[in-house]
Amino acid sequence: MIDLNLIRDNPELVKENIKKKFQDKKLPLVDEVIALDKQKRELQQEGDSLRAQRNALAKQIGALMREGKKEEAEVAKVTSKANNDRIAAIEEETSKIEAQLKKDMMSIPNIIADDVPLGKDDSQNVEGKVFLKHEEKPFDIPYHLDILESLNGIDLDSARRTSGNGFYYLTGDIARLHSAVLSYARDFMIDKGFTYCIPPYMIRSDVVSGVMSFEEMDGMMYKIEGEDLYLIGTSEHSMIGRFMGEILPESSLPQTLTSYSPCFRKEKGAHGIEERGIYRIHQFEKQEMIVLCKPEESDYWYEKLWNYTVELFVSMEIPVRQLICCSGDLADLKYKSCDIEAWSPRQKKYFEVGSCSNLTDAQARRLGIRYKAANGKNEFVHTLNNTVVAPPRMLIAFLENHLQADGSVYIPPVLRPYMGGKEKILPKTK
RNA sequence: GCAGAGAUGGCGGAGUGGUCGAACGCGCACGACUCGAAAUCGUGUUACGGGCAACUGUACGGGGGUUCGAAUCCCUCUCUCUGCGCCA
């Protein structure tokens, strides 16, 4: 949600931004917001003066009653009562206008950064830096499910029976590798000065609607029956929700947090062939990082955050690149975003393993997350989030990149302490 | 889960229908004193909104109700504490 004042003061800038995102159908919203805002303020002025009258009358009545002037008090009561009908009517109209205003404001996208490449959709995203040049494998890389099976690392058949499509049992060394990656990523972030956090895995509906749009919620969130609770789709939900409505002391910023959680997603929509297996599933685990900082620091943190993910993958010897999200592919709340993509030697292309975003104050405004600035004013913080690592997906990259000709899988040194010193995972003997 | 008590500003804590946006204390900011500091004294200090301004509205956990008027009364939800029960 952007600042209403910005729409008032500079509607052209807001419209320009909408055009940059190829959402021209939203252009009329800007003028609608301005008109609604004007109406709302007019109503408020009328309502305010009526309420001021009511307050004054109430005070008078109180005084009259104390003096024992009952009849005069009764007369004033009648006047006040008549007033109240008008106030009620104004309140009703105001709440209608406010609801529409809020709806419009929610769909007007955040102002994007100047350096976001213009483009219609994900096909026009721009490759950024490439890290760790990938090497040609001297043999064909099988589909990740086949690798997992050859290592005795997965049981999808049982998972389908117990839970349905989109779930898995990881077993043996693969399950251990999964945990190892998470533990390593956790320690990696702690070493970077982040505070480790395990958040609630369920959140209330008011938090859900604070952190995402209704459409996202409908497509992603699992609801607990009979409770006002939803399973989180990412720990970002509960991590950011944690600060809802808070005014943080300036000295507590930046908040640099890394959180672990399972993530639950409905993943409504078609599943292509490349999504067979563990690429897209209903339940996975993720190490996340979030930052709450002062506005002037968010550009700095954005660069830092995505580079941490790169550094982590490079330390596990997995080639990655940065893919810069173009204007049309950028979610409405985002100022700037990029994906970290890992190299798939099987597909001979990169695929997404993480996503880093700077939401500036759009999310904070929606959730009321502020800090007391040095000038004494309460300002909205900037929020950023980034995937450290989401193991099932990173596991695909891991297996494809570290598979050896003999069918074993190489474990890079940084993970060995978490794997009982093992240097490789061996295929099952038939 | 059951029973009782409770939720008030950054914190503690008064207030039980009108003079309450809220006593008092702590904290914080500024000033005085001091070579400087501590102590002391003084002043200020909730948030959000409308208005050029004077000024004004709203909010005492959330929502609803009673009333001319609600922090105060009623209903409901959430949370906290105490006791009992249950259980990793």
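What you see is a predicted model; the values in this text were computed from it and never measured. Proteins get letters first, then strands, A, B, ... in listed order; numbering begins at 1 in each.
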Integer-rounded Å distance: B:U78 C1' and A:I203 CD1: 16 Å
Note: A:D3-A:R8 ion pair, threshold 4.0 Å (strictly below): no
A:D48 (side chain) and B:G49 (base): donor-acceptor pair under 3.5 Å: yes
A:E227 CD - B:C77 P separation (whole Å): 14 Å
Span that lies between the C1' atom of B:A32 and that of B:A38, in whole angstrom: 15 Å
Electrostatic pair A:K38-A:E42, nearest N-O below 4.0 angstrom: yes
Structure string for RNA chain B in dot-bracket form, Watson-Crick and G-U at under 3.5 Å, | interchain: ((((((((.[[[..)..(.....]]]((((((.......))))))(((((....))))).[[[[[..)....]]]]])))))))....
Nucleotide B:C68, atom P - distance to CZ of A:R54 in whole Å: 11 Å
Same-atom distance (C1') from B:G69 to B:A47, integer angstrom: 24 Å
Mutual orientation of the aromatic rings belonging to A:W301 and A:F194 [parallel < 30°, tilted 30-60°, perpendicular > 60°]: perpendicular
B:G9 to B:A71 separation - P atoms, rounded to the nearest Å: 14 Å
B:G50 OP1/OP2 closer than 4.0 Å to side-chain N/O of A:R8: yes
5' precedence on RNA chain B between A:A56 and A:K77 (nearest-nucleotide basis): A:A56
Out of B:A47, B:G51, B:G18, whichever nucleotide has its closest atom nearest the side chain of A:A58: B:G18
Sugar-phosphate, base or nothing in reach of A:D228, heavy atoms under 4.0 Å: nothing
A:K26: which of A:D332, A:D31, A:D104 passes salt bridge (charged side-chain N to carboxylate O under 4.0 Å, His left out): A:D332
Between B:G6 and B:C60 - C1' atom distance, rounded Å: 14 Å
N-O pairing of A:E250 and A:K294 below 4.0 Å: yes
Gap between atoms CE and P, on A:M65 and B:C68 respectively (whole Å): 10 Å
Sugar-phosphate, base or nothing in reach of A:N83, heavy atoms under 4.0 Å: nothing
Sugar-phosphate, base or nothing in reach of A:L57, heavy atoms under 4.0 Å: nothing
B:G50 to B:G1 separation - C1' atoms, rounded to the nearest Å: 49 Å
P-based separation of B:U78 from B:A29 [nearest Å]: 41 Å
A:R51/A:E91 ion pair, N-O < 4.0 Å: yes
Between B:G51 (P) and A:E42 (CD): distance, integer Å: 10 Å
Salt bridge A:D173-A:K422, side-chain N to carboxylate O under 4.0 Å: yes
Rounded interatomic separation in angstrom, taking CD from A:Q45 and P from B:A53: 11 Å
Sugar-phosphate, base or nothing in reach of A:K40, heavy atoms under 4.0 Å: nothing
Distance below 4.0 Å between A:N55 side-chain N/O and B:G69 OP1 or OP2: no
Pairing of A:R160 and A:D157 as salt bridge, 4.0 angstrom limit: yes
Listed nucleotide nearest any side-chain atom of A:A52, set B:C68, B:A47, B:U56: B:U56
Under-4.0 Å side-chain N/O to phosphate OP1/OP2 contact, A:K59 with B:G18: no
Phosphate-side-chain proximity, A:R370 and B:C48, N/O vs OP1/OP2 below 4.0 Å: yes
Closest-nucleotide 5' rank along RNA chain B - winner of A:R204 and A:I247: A:I247
Spacing of A:R51 atom CZ relative to B:G50 atom P, expressed in whole Å: 14 Å
Rounded P spacing from B:C77 to B:C2 in Å: 11 Å
Between C1' of B:C48 and CG of A:L4, the distance in whole Å: 14 Å
More than 12 heavy atoms of other groups within 6.0 Å of A:K424 NZ: no
C1' spacing across the pair B:G57 / B:G61, given as an integer number of angstrom: 22 Å
